[in-house]
Chemist: 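I have a structure I would like to understand better, so I am pasting it below and will then ask my questions one at a time.
Computed from heavy atoms alone, side chains included, the values below leave out hydrogens, waters and symmetry copies.
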Amino acid sequence: MKRVTGIGGIFFKCQNPKSMKDWYTKHLGFNTDDYGTSFEWRQADDANKKGFSVWSPFDANTKYFEPSDKEFMVNYRVENLEWLLEELQKEGVEVLDEIECLEYGKFAHIIDPEGNKIQLWEADDEEYDTMAEGRTK
């Protein structure tokens, strides 16, 4: 079974998320919403199915990246989150939380050897497609 299937998103801290989104909109053509933007693409094994990767600036004071003290967090798309977390635990990887189920997928967090918090996302792209407002194509 596959583990990671792609990058689900890049999240980073900044002093002013709104002005950051405005800058990327003006200079790089991003179409943003309250959270950032979603880059829409097609699934490699079925070009009729959409997939998404998220770009999202967070306030510099966010606690969301804790326990990591890093300025960024990467979200990786996974095929089967429950199976993967079981395998990672067997391998001694620190799993930070239980699986959180939202309309657009399942999420959990792990820590890598250098203290980077990693978000794992088993995406429900069909549901995400109905919710994503800011899209950059």
Chemist: Keeping the roles fixed (side chain from S53, backbone from I7), state whether a donor-acceptor pair exists under 3.5 Å.
Modeler: yes

Chemist: Is any NZ, NE, NH1 or NH2 atom of the basic residue among D69 and K13 found under 4.0 Å from an Asp or Glu carboxylate oxygen of the other?
Modeler: no

Chemist: Which of these, Y35, F39, W23, sits in a ring-ring contact (aromatic ring centres under 6.0 Å, His included) with F30?
Modeler: F39

Chemist: For the pair D129 and K50, find out whether any cationic side-chain nitrogen is under 4.0 Å from an anionic carboxylate oxygen.
Modeler: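 Salt bridge: yes.
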
Chemist: Centre-to-centre under 6.0 Å for W55 and F11, is that the case here?
Modeler: no

Chemist: Please determine if K117 forms a cation-pi arrangement with Y64, meaning its NZ or CZ atom is less than 6.0 Å from the six-membered ring centre and no more than 45° off the ring axis.
Modeler: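 Yes, K117 lies over the aromatic ring of Y64.
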
Chemist: Less than 3.5 Å apart, any donor N or O on the side chain of E40 or Y128 sitting next to an acceptor on the other?
Modeler: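 Short answer, no.
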
Chemist: Under a 3.5 Å cutoff, is there a donor and acceptor pairing between the side chains of T37 and T32?
Modeler: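 T32 and T37 do not have a side-chain donor-acceptor pair below 3.5 Å.
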
Chemist: Taking NZ, NE, NH1 and NH2 as the nitrogens, is one of them in K2 or E87 under 4.0 Å from a carboxylate oxygen of the other?
Modeler: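 The answer is no: the pair does not qualify as a salt bridge.
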
Chemist: Determine whether more than 12 heavy atoms belonging to other residues, nucleotides or ligands lie under 6.0 Å from atom CD of E98.
Modeler: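 No, CD of E98 has 12 or fewer neighbouring heavy atoms, counting only those of other groups under 6.0 Å.
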
Chemist: Tell me whether N31 contacts the main-chain N or O of R135 through its side chain, where contact means a donor paired with an acceptor under 3.5 Å.
Modeler: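 At least one qualifying donor-acceptor pair exists.
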
Chemist: Please work out whether the ring planes of F107 and W121 are parallel, tilted or perpendicular, with thresholds of 30° and 60°.
Modeler: parallel

Chemist: Test side chain to side chain contact (heavy atoms under 4.5 Å, CB included) on Q15 and M20; report intermediate values, then the result.
Modeler: CA-CA 8 Å; Q15 295 301 313; M20 186 68 77; over 6 Å; no

Chemist: Give a yes or no on this: more than 12 heavy atoms of other residues, nucleotides or ligands lie within 6.0 Å of atom CD of E82.
Modeler: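 12 or below, so no.
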
